[in-house]
Amino acid sequence: MNEKTVITILDKKRKHEKLTMLTCYDYVMAKLISKDVDMLLVGDSLGNVKLGYENTIPVTVDDIIYHTKAVKRGNSGALIVADMPFMSYEIDVKDAVTNAGRIVKEGGAQVVKIEGGSEVIKQIKAIVDAKIPVMGHLGLTPQAINKLGGFKVQGRNKKDALKLINDAKILQEAGACAIVLEAVPEDLAKKITKALIIPTIGIGAGRYCDGQVLVVYDMLGMFVDFTPKFVKRYENVGKTIQNAVKNYIDEVKTGKFPEKRNIYI
């Protein structure tokens with residue numbers, strides 16, 4: 001098993017090799033997709049996708065640990081990144097380090113991901129000093145959805161764009177190993193990517209980031225509550241599942257299932 005590390009990810013940026021990341025939350029999915037992908041993200045989007053919440057705000061550290069442990073058991077070499085959920089790092093530096101440590105020690109993550117720029121630099125530095133790699137997250141930060149007023153593209157005006165560029169540089173200086181750029185204009189993402197030594201991972205940030213990330217349930221057509229513009233569906237597995245369940249119900253009702261080969265003698 002060729003296990004990926006933060007060094008692997010940095011080397012790919014230097015070699016101009018595109019990085020791939022998928023968000024997943026359970027053993028079965030990790031088992032299916034982790035062999036060839038560079039990174040698995042245990043995102044707090046599990047609040048929407050797995051737990052049925054309206055947004056990511058209710059997700060807890062214990063939720064992240066639970067799902068990271070499951071992904072870890074199914075992983076076949078991808079670098080495991082786990083989100084630090086809302087209110088697990090914002091208030092107190094000591095709490096931030098403690099929660100990051102739990103996600104790594106109990107959950108098995110190799111990297112923790114934190115949303116925000118200059119306002120969370122103290123926390124990022126402290127976590128890195130505790131020997132825990134940190135991935136940043138700029139642009140549309142879902143944990144700040146109430147402050148942002150909805151899921152909106154970020155950095156469209158000059159002032160906001162300059163702040164994102166500066167925040168990216170500050171995150172790099174603080175020791176971040178990579179940065180997710182979400183829902184920002186392509187040209188801005190390109191400028192940020194060129195300005196950094198560390199990789200950028202885009203989600204709705206165009207073609208010039210060092211890598212891309214999608215939620216696997218989105219790209220497989222399994223999560224259908226809403227579909228952002230940046231999502232490309234590679235399959236319609238949701239429809240396949242619905243058809244399979246319908247066939248099962250029909251066969252049970254008509255007596256076609258179980259067949260002789262499904263019966264113990």
Side-chain angles (χ1 to χ4, degrees), residues 1-24 30-31 33-43 64-65 67-84 89 96-97 99-117 120-139 167-182 189-203 205 207-214 216:
M1 181 172 67
N2 185 20
E3 185 170 340
K4 314 292 194 310
T5 69
V6 290
I7 303 302
T8 308
I9 303 309
L10 289 167
D11 282 345
K12 286 207 170 191
K13 162 108 178 181
R14 296 188 191 104
K15 295 174 182 177
H16 305 289
E17 296 178 16
K18 288 289 187 179
L19 293 159
T20 57
M21 176 188 266
L22 287 170
T23 297
C24 79
K31 193 81 172 176
I33 70 175
S34 62
K35 182 179 178 181
D36 298 314
V37 74
D38 292 312
M39 292 169 280
L40 293 178
L41 172 62
V42 185
I64 293 292
I65 290 171
H67 287 274
T68 304
K69 287 167 72 173
V71 169
K72 178 77 171 180
R73 289 190 286 266
N75 185 34
S76 297
L79 180 71
I80 298 179
V81 183
D83 269 337
M84 293 195 68
Y89 60 90
V97 175
N99 288 325
R102 286 192 63 206
I103 291 169
V104 171
K105 189 170 183 176
E106 298 175 39
Q110 294 155 282
V111 180
V112 296
K113 181 166 75 64
I114 292 180
E115 295 184 7
V120 291
I121 290 302
K122 288 182 180 179
Q123 291 91 324
I124 290 174
K125 285 182 177 178
I127 293 169
V128 171
D129 285 345
K131 302 179 180 63
I132 299 171
V134 174
M135 181 176 290
H137 186 149
L138 296 173
D167 277 347
K169 292 177 179 178
I170 290 169
L171 289 177
Q172 178 173 265
E173 290 170 7
C177 64
I179 299 174
V180 169
L181 298 176
E182 180 168 358
K190 184 178 181 180
K191 288 178 183 177
I192 293 172
T193 300
K194 284 188 173 182
L196 300 179
I197 298 171
I198 60 175
T200 59
I201 312 299
I203 179 164
R207 297 162 289 181
Y208 300 104
C209 293
D210 297 304
Q212 300 290 331
V213 58
L214 285 176
V216 70

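For the side-chain hydrogen bond (donor to acceptor under 3.5 Å, both in side chains) test, no residue two or more places apart in sequence or in another chain qualifies with K72. Scanning for side-chain hydrogen bond (donor to acceptor under 3.5 Å, both in side chains) contacts around H137 gives K113, E182, with sequence neighbours left out. Every side-chain hydrogen bond (donor to acceptor under 3.5 Å, both in side chains) that Q110 has, sequence neighbours left out, goes to E3. With sequence neighbours excluded, the residues forming a side-chain hydrogen bond (donor to acceptor under 3.5 Å, both in side chains) with D167 are K163, listed by chain and number.
Using a 4.5 Å heavy-atom threshold, the side chains of V81 and V42 count as separate. Contact check for I127 versus I114: side-chain heavy atoms found under the 4.5 Å cut-off. Contact check for I9 versus C177: no side-chain heavy atoms found under the 4.5 Å cut-off. The shortest side-chain heavy-atom distance between M84 and Q123 does not fall under the 4.5 Å cut-off. Contact check for R14 versus D11: side-chain heavy atoms found under the 4.5 Å cut-off.
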Applying side-chain contact (heavy atoms from CB on, under 4.5 Å) to L214 and T23, what does each step give before you reach the verdict? CA-CA 6 Å; L214 285 176; T23 297; over 6 Å; no
L171 and I121: side-chain contact (heavy atoms from CB on, under 4.5 Å), yes or no, with the steps? CA-CA 7 Å; L171 289 177; I121 290 302; 3.9 Å; yes
Apply side-chain contact (heavy atoms from CB on, under 4.5 Å) to L79 and T8, showing your working. CA-CA 9 Å; L79 180 71; T8 308; over 6 Å; no
Given I33 and L40, is the side-chain contact (heavy atoms from CB on, under 4.5 Å) satisfied, shown in steps? CA-CA 9 Å; I33 70 175; L40 293 178; 3.8 Å; yes
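Here the CG atom belonging to D83 is positioned 10.0 Å from the CE atom belonging to M135, to the nearest 0.5 angstrom. Note that CD1 of I103 and CD1 of I65 are 6.0 Å apart. Values are rounded to the nearest 0.5 Å. To the nearest 0.5 Å, atoms CD1 (I80) and CE (M39) are separated by 12.5 Å. The OG1 atom of T68 sits 10.5 Å away from the CZ atom of R73 when rounded to the nearest 0.5 Å.
The list of salt bridge (charged side-chain N to carboxylate O under 4.0 Å, His left out) pairs with a residue in residues 99-111, not counting sequence neighbours, reads D62-R102, R102-E106.
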Between side-chain atoms of residues 189-201 and protein atoms elsewhere (two or more places apart, or another chain), which donor-acceptor pairs fall under 3.5 Å?
residue, atom, partner, partner atom, Å
T193, OG1, A189, O, 2.7
T193, OG1, T200, OG1, 2.7
T200, OG1, D210, N, 3.2
T200, OG1, D210, OD2, 3.4

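The shortest heavy-atom contact between V6 and P133 is CG1-CB, 3.9 Å. In plain terms, the two heavy atoms of K4 and V37 that are nearest each other are NZ-O, 3.8 Å. C209 and L181 get closest at one heavy-atom pair: SG-CD1, 4.2 Å. In terms of heavy atoms, V134 sits closest to V111 at C-CG1, 4.0 Å. Minimum interatomic distance between V71 and C24 (heavy atoms only, all atoms of both residues): CG2-O, 3.7 Å.
Although no hydrogens or angles enter the test, the distance criterion places no donor-acceptor pair under 3.5 Å between the side chain of S76 and the main chain of K35.
More than 12 heavy atoms of other shown residues, nucleotides or ligands fall within 6.0 angstrom of atom NZ in K18.
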